[in-house]
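Just below is one structure, and these are the notes that go with it.
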Amino acid sequence: MMADIESSVIAPGVDPKDLAKRGESLIRQSSNRYLTTVKIAFRAKQRRFDDFDGLLEESSVKPVQRAIVELSDEQDQPDLLPG
């Protein structure tokens, strides 16, 4: 029963355990949990508007999930960032 609920809440293509680990890692490695939460929310808001503007392909991944994955990747692999 719980698996049914979990699979309907989390979009297909996103592993809920991986997403939880990434979120925990972001918070754990942060010096300020509040600012990290705000950063995730801001990134998710940007992605949501990008979806509305048609700048991103149709995705079943929710903006908050995408923001967590992106920020986690940026944290784990800073050498891949442009600039």
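Everything numeric here is computed off the predicted structure, so don't read it as measured data. Basis for what follows: all heavy atoms, side chains included, without hydrogens, waters or symmetry-related copies.
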Is Glu74 salt-bridged to Arg43, cutoff N-O under 4.0 Å?
-> yes
Return yes if some donor-acceptor pair links the side-chain N/O of Thr37 with the main-chain N/O of Arg33 below 3.5 Å, else return no.
-> yes
Give, for atom OG of Ser72 and atom CG of Asp18, the distance between the pair rounded to the nearest 0.5 Å.
-> 7.5 Å
Ion pair present between Asp73 and Arg22, side-chain N to carboxylate O less than 4.0 angstrom?
-> yes
Going from CZ on Arg66 to CG on Leu19, what distance comes out if it is rounded to the nearest 0.5 angstrom?
-> 12.5 Å
Heavy-atom pair with the smallest gap, counting every atom of Ala44 and Pro63 = O-CB, 3.3 Å
Nearest non-hydrogen partners of Gly23 and Ile68, listed with the distance | N-CG2, 3.8 Å
Distance col, row Lys39:NZ vs Ser30:OG, nearest 0.5 angstrom, shows 7.5 Å
For residues Glu70 and Arg47, determine if any side-chain heavy atom of one lies less than 4.5 Å from a side-chain heavy atom of the other.
-> yes
